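Residues: numbered from 1 along the sequence shown. The shown structure was predicted, so the numbers you read here are calculated from the model rather than taken from an experiment.
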Amino acid sequence: IGDAIIRGSRGSGKTMLLRYLDIFGNISFDENVKNKKVSESFPVMVNLSLIHTSEWKSSVNSLIESAEKLIYESVLTSLDRKNKELHSAEFRNALFKVKQKLQVLANQEGSDIWKLGVAIRENMSIYFNHILLLIDEVAPVFPKDFFLDSENGFLRWMNSIRNSGPYFTRI
């Protein structure tokens with residue numbers, strides 16, 4: 001529970017750990033749905049290497065914007081995938097309400113991740129308490145000084161995500 005930054009050299013198994021957490025989290029989630037229990041989390045794998053390499057030389061703010069867009073899309077894709085797997089009218093209805101709420105919030109102030117957090121908290125809390133963002137390939141995408149800047153860097157960005165909704169992170 002909570003957040004964690006996983007560090008290690010290339011090939012040390014960081015991605016495999018995130019994949020394990022994704023698989024284990026999905027098995028636990030499915031079991032809880034079957035038993036009509038609320039899961040602590042719903043895992044969502046996000047690979048930042050999907051941000052086009054032409055953007056890697058962009059400003060940090062542009063990279064953050066691209067990363068947040070990818071996180072947003074990954075959460076919705078994972079929920080859609082789970083909807084197809086579960087064949088549950090109740091889950092389908094809750095997901096529909098999430099998407100309706102996102103349309104209502106579309107023209108309001110705030111980040112897309114915050115809007116998604118509001119919609120999820122309002123409509124999916126009978127299924128899970130948190131989205132567990134399993135974010136891979138952060139270091140290659142962002143410049144090194146982004147991780148060293150304690151005021152406006154990586155930790156501030158992670159705090160802004162956590163404060164935007166029911167999100168936990170494993171990075």
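Minimum heavy-atom separation, Ala106 to Lys115: O-NZ, 3.1 Å. Heavy atoms only, all atoms of each residue included: Ala94 and Tyr127 are closest at CB-CE1, 4.0 Å. Across every non-hydrogen atom of Arg92 and His87, the tightest pair is NH2-C, 4.4 Å. Gly25 and Pro43 make their closest contact through C-CG, 3.6 Å (heavy atoms, listed as atom of the first residue, atom of the second, distance). Heavy-atom minimum distance, Val141 versus Leu48: CG2-O, 3.5 Å. Heavy atoms only, all atoms of each residue included: Tyr72 and Leu102 are closest at OH-CD1, 3.5 Å.
Annotation: the span from Ile131 atom CD1 to Arg121 atom CZ amounts to 11.0 Å, rounded to 0.5 Å. One distance of note links CD1 of Ile113 with NZ of Lys69; it measures 12.5 Å at 0.5 Å rounding. Summarising the geometry, atom OG belonging to Ser74 is positioned 9.0 Å from atom CD1 belonging to Ile135; distances are rounded to the nearest 0.5 Å. Interatomic distance, CG of Asp112 versus OG of Ser164, reported as 10.5 Å (0.5 Å rounding). To the nearest 0.5 angstrom, Leu133 atom CG is 5.5 Å from Ile71 atom CD1. Between the CG atom of Leu155 and the CG atom of Asn159 there is a distance of 6.5 Å, given to the nearest 0.5 Å.
For Lys97, there are no salt bridge (charged side-chain N to carboxylate O under 4.0 Å, His left out) partners at least two apart in sequence or on another chain. Remark: Asp30 engages Lys82, Glu85, Leu86 in a side chain to side chain contact (heavy atoms under 4.5 Å, CB included) (not counting sequence neighbours). Among residues two or more places apart in sequence or in another chain, the salt bridge (charged side-chain N to carboxylate O under 4.0 Å, His left out) test is passed with Asp149 by none. Partners of Phe96 according to the side chain to side chain contact (heavy atoms under 4.5 Å, CB included) rule, which considers only residues two or more places apart in sequence or in another chain, are Gln100. Taking the salt bridge (charged side-chain N to carboxylate O under 4.0 Å, His left out) definition, one finds that Glu122 meets it with Lys101, sequence neighbours left out. By the salt bridge (charged side-chain N to carboxylate O under 4.0 Å, His left out) test, Glu90 is found to be paired with no residue, residues two or more places apart in sequence or in another chain being considered.
Hydrophobic clustering (side-chain heavy atoms under 4.5 Å, transitive across Ile, Leu, Val, Met, Phe, Trp, Tyr) groups Leu50 together with Ile161. Under a hydrophobic clustering in which Ile, Leu, Val, Met, Phe, Trp and Tyr are joined whenever their side-chain heavy atoms come within less than 4.5 Å, directly or via other members, Ile126 and Val75 fall into the same cluster.
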Exercise for the section: Walk me through it: do Met45 and Arg19 pass the test side-chain contact (heavy atoms from CB on, under 4.5 Å)? Expected result: CA-CA 8 Å; Met45 190 78 175; Arg19 287 181 185 159; 4.0 Å; yes
Practice task
Dump the intermediate steps for side-chain contact (heavy atoms from CB on, under 4.5 Å) on Ser78 and Arg81, then the final yes or no.
Solution key: CA-CA 5 Å; Ser78 293; Arg81 185 179 317 115; 3.9 Å; yes
Problem - Candidate pair Val98 and Met124, rule side-chain contact (heavy atoms from CB on, under 4.5 Å), full reasoning - result: CA-CA 8 Å; Val98 165; Met124 301 302 284; 3.6 Å; yes
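Heavy-atom neighbours of Glu137 CD from other residues, nucleotides or ligands within 6.0 Å: above the threshold of 12.
Listed by first then second residue, pairs satisfying ring-ring contact (aromatic ring centres under 6.0 Å, His included) with a partner in residues 17-51 read Tyr20-Phe24, Phe29-Phe42, Phe42-Phe128, not counting sequence neighbours. Among pairs with a residue in residues 4-16, those fulfilling side-chain hydrogen bond (donor to acceptor under 3.5 Å, both in side chains) read Thr15-Asp136, at least two apart in sequence or across chains. Legend: ring-ring contact (aromatic ring centres under 6.0 Å, His included) pairs involving residues 143-164, not counting sequence neighbours, sorted by first then second residue: Phe142-Phe146, Phe142-Trp157, Phe147-Phe154.
Grouping Ile, Leu, Val, Met, Phe, Trp and Tyr residues whose side-chain heavy atoms lie under 4.5 Å apart, directly or via other members, leaves Met16 alone, with no other cluster members. Taking Ile, Leu, Val, Met, Phe, Trp and Tyr as hydrophobic and joining them when side-chain heavy atoms fall under 4.5 Å apart, one finds Ile23 in a cluster with Ile27. Leu105 belongs to a hydrophobic cluster whose remaining members, ordered by chain and number, are Trp114, Val118; membership requires side-chain heavy atoms of ILVMFWY residues under 4.5 Å apart, directly or through intermediates.
In the model, Asn47 has a side-chain atom that pairs as donor or acceptor with a side-chain atom of Ser49 under 3.5 Å.
A donor-acceptor pair is defined here as one N or O able to donate and one able to accept, closer than 3.5 Å; such a pair exists between the side chain of Asn26 and the backbone of Asp22. Side chain of Lys99 to main chain of Leu76: no donor-acceptor pair is present (N/O by atom type, distance under 3.5 Å, no hydrogens or angles).
Proximity of Ile120 to Pro166: side-chain heavy atoms (C-beta onward) are separated by under 4.5 Å at one or more points. Looking at heavy atoms from C-beta onward, Pro143 lies in side-chain contact with Val60 at the 4.5 angstrom threshold.
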